[in-house]
Amino acid sequence: MQISQESAANMATKQQCAECKKNISDRYMLKALDQYWHEDCLKCSCCDCRLGEVGSTLFTRANLRLCRRDYLRLFGTTGYCSACSKMIPAFEMVMRAKGNVYHLECFACQQCNHRFCVGDKFYLCDNKILCEYDYEERMVFANMTCNYNALTQIKRQTQSLSDDLSSGYGSPSPNSL
C-alpha cells in the first residue's frame with residue numbers, strides 16, 4: 001500500500017485524521033488506505049515508527065499497519081543460508097548466487113574465508129563460493145586428475161627412456177666411433 005504526502009493548504013475542506021479523529025491543520029498530511037492521517041498518527045502497530053518517515057510503503061494484515069521490517073518479521077518467509085545452513089529471517093539483507101542465498105557474513109570464499117568486496121570476482125563451484133585464486137587452483141588440480149592417464153603415460157615413457165640410457169641401449173658403443 002502506498003503512502004502519499006499532500007499539502008493541507010490545497011484542500012478546500014479540512015480532513016479528519018483516521019487515527020485521532022481530529023481535523024488536520026498541519027502543513028502536510030499523509031494519505032494511506034484511502035484515508036488521511038497526521039504525520040505523527042500514521043505509525044507501525046509493532047514498533048511505533050512513523051510510517052511516513054521510513055518510506056512510501058505500508059503493509060496491512062490482521063488489522064495491523066506495519067512497516068516493511070515488521071511485516072516481513074511477522075509474515076514473511078524465512079530461508080536457510082547455503083553456507084552455514086542456519087535460518088535467515090525474512091527481513092535480513094542477503095547475498096544471492098544463482099539459487100543460493102547467504103547471510104552477508106557467510107558470503108565469503110569457502111576455501112580460504114576471504115570476504116568479498118564490491119567488484120571482486122567469485123565463482124560458484126559445486127555449490128561452494130570460491131575466490132578467483134582458489135577457483136583457479138581447483139581447476140588446475142581438476143585438469144590434472146582428468147589428464148591422469150596422459151600423465152601416467154608420459155611418466156612411463158620418461159622412465160623407459162631413463163632405463164634405456166642407463167643400460168647403454170641407444171648410446172653409441174666405443175667400437176662404433
Side-chain angles (χ1 to χ4, degrees), residues 1-6 18-19 28-159:
M1 178 80 35
Q2 292 291 6
I3 302 171
S4 63
Q5 188 177 45
E6 297 183 10
E19 180 69 19
Y28 293 102
M29 63 183 149
L30 299 176
K31 184 176 182 183
L33 305 169
D34 293 325
Q35 296 177 312
Y36 292 95
W37 310 76
H38 288 107
E39 289 180 289
D40 289 335
C41 289
L42 187 58
K43 294 181 179 180
C44 175
S45 301
C46 285
C47 69
D48 262 355
C49 72
R50 292 172 43 166
L51 293 172
E53 290 179 353
V54 295
S56 61
T57 307
L58 80 100
F59 298 84
T60 59
R61 187 146 176 199
N63 290 328
L64 298 171
R65 293 183 306 274
L66 302 166
C67 65
R68 182 180 193 277
R69 180 180 170 89
D70 284 328
Y71 178 81
L72 291 173
R73 184 175 56 82
L74 294 171
F75 303 108
T77 58
T78 57
Y80 293 92
C81 177
S82 296
C84 71
S85 301
K86 292 181 182 171
M87 187 181 79
I88 302 174
F91 60 85
E92 191 172 303
M93 296 288 285
V94 295
M95 292 296 291
R96 295 179 186 276
K98 292 197 176 180
N100 297 339
V101 182
Y102 302 89
H103 293 108
L104 291 180
E105 61 272 9
C106 292
F107 194 73
C109 177
Q110 293 175 339
Q111 189 73 35
C112 68
N113 294 322
H114 168 74
R115 298 279 311 265
F116 296 107
C117 297
V118 174
D120 285 352
K121 283 186 178 180
F122 69 90
Y123 298 86
L124 193 61
C125 187
D126 298 328
N127 263 353
K128 293 185 183 210
I129 302 170
L130 298 174
C131 65
E132 192 168 18
Y133 176 81
D134 288 324
Y135 174 76
E136 288 174 357
E137 189 174 89
R138 181 177 278 205
M139 289 300 103
V140 166
F141 285 115
N143 287 335
M144 286 177 75
T145 57
C146 289
N147 296 325
Y148 179 74
N149 291 338
L151 289 173
T152 305
Q153 186 177 0
I154 291 169
K155 189 175 179 181
R156 278 192 209 129
Q157 289 173 346
T158 307
Q159 185 65 41

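Just so we're clear, the structure is a prediction, and the values are computed from it rather than from any experiment. Start at 1 with the first residue, then count along the sequence.
The line from CZ of Phe75 to CG of Leu64 is 6.0 Å long, rounded to the nearest 0.5 Å. Cys81 contributes atom SG, which lies 11.5 Å from atom CE of Met95 (distance to the nearest 0.5 angstrom). The line from CE of Met29 to SG of Cys41 is 13.0 Å long, rounded to the nearest 0.5 Å. The CD atom of Glu19 lies 10.0 Å from the CD atom of Gln35; values are rounded to the nearest 0.5 Å. Note: Cys106 SG to Ile129 CD1 = 8.5 Å, rounded to the nearest 0.5 Å. The distance from the CG atom of Leu124 to the OH atom of Tyr135 is 10.5 Å, given to the nearest 0.5 Å.
Heavy-atom minimum distance, Asp134 versus Cys112: OD2-SG, 3.2 Å. The minimum heavy-atom distance between Arg115 and Leu104, with the atom names listed, is NH2-O, 3.6 Å. Between Arg138 and Asp126, the shortest heavy-atom distance links the atoms NH1-OD2, 3.6 Å. Residue Cys44 comes nearest to Cys67 through the heavy atom pair SG-N, 3.4 Å, listed as atom of the first residue, atom of the second, then distance. Smallest separation of non-hydrogen atoms from Phe59 and Arg68: CE1-CA, 3.4 Å. A pairwise comparison of heavy atoms in Ile88 and Tyr102 identifies CD1-C, 4.0 Å as the closest pair.
Checking side-chain atoms of Ser45 against main-chain N and O of Arg65 turns up a donor-acceptor pair under 3.5 Å. Looking only at distances, a side-chain donor or acceptor of Asp120 sits under 3.5 Å from a matching main-chain atom of Cys117.
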Q: I would like to know whether Phe122 and Phe107 meet ring pair (Phe, Tyr, Trp, His ring centres under 6.0 Å); could you show each step before the answer?
A: CA-CA 10 Å; Phe122 69 90; Phe107 194 73; 5.0 Å; yes

(Q) Would His103 and Glu92 count as a side-chain contact (heavy atoms from CB on, under 4.5 Å) here? Give the steps. (A) CA-CA 8 Å; His103 293 108; Glu92 191 172 303; 2.9 Å; yes

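Ring planes of His114 and Phe116: perpendicular class, angle over 60° (limits at 30 and 60°).
Within a 6.0 Å sphere centred on OH of Tyr133, heavy atoms belonging to other residues, nucleotides or ligands number 12 at most. Around atom CZ of Arg73, more than 12 heavy atoms belonging to other residues, nucleotides or ligands sit under 6.0 Å away. The 12-atom threshold is not exceeded at CZ of Arg69, counting heavy atoms of other residues, nucleotides or ligands nearer than 6.0 Å.
Tyr80 pairs by the ring pair (Phe, Tyr, Trp, His ring centres under 6.0 Å) definition with nothing, not counting sequence neighbours.
Test Leu72, Leu74, Leu51 against Leu66 for side chain to side chain contact (heavy atoms under 4.5 Å, CB included) and you get one pass: Leu74.
Cys84 is not listed as a side-chain neighbour of Glu105, based on a closest heavy-atom distance of 4.5 Å or more.
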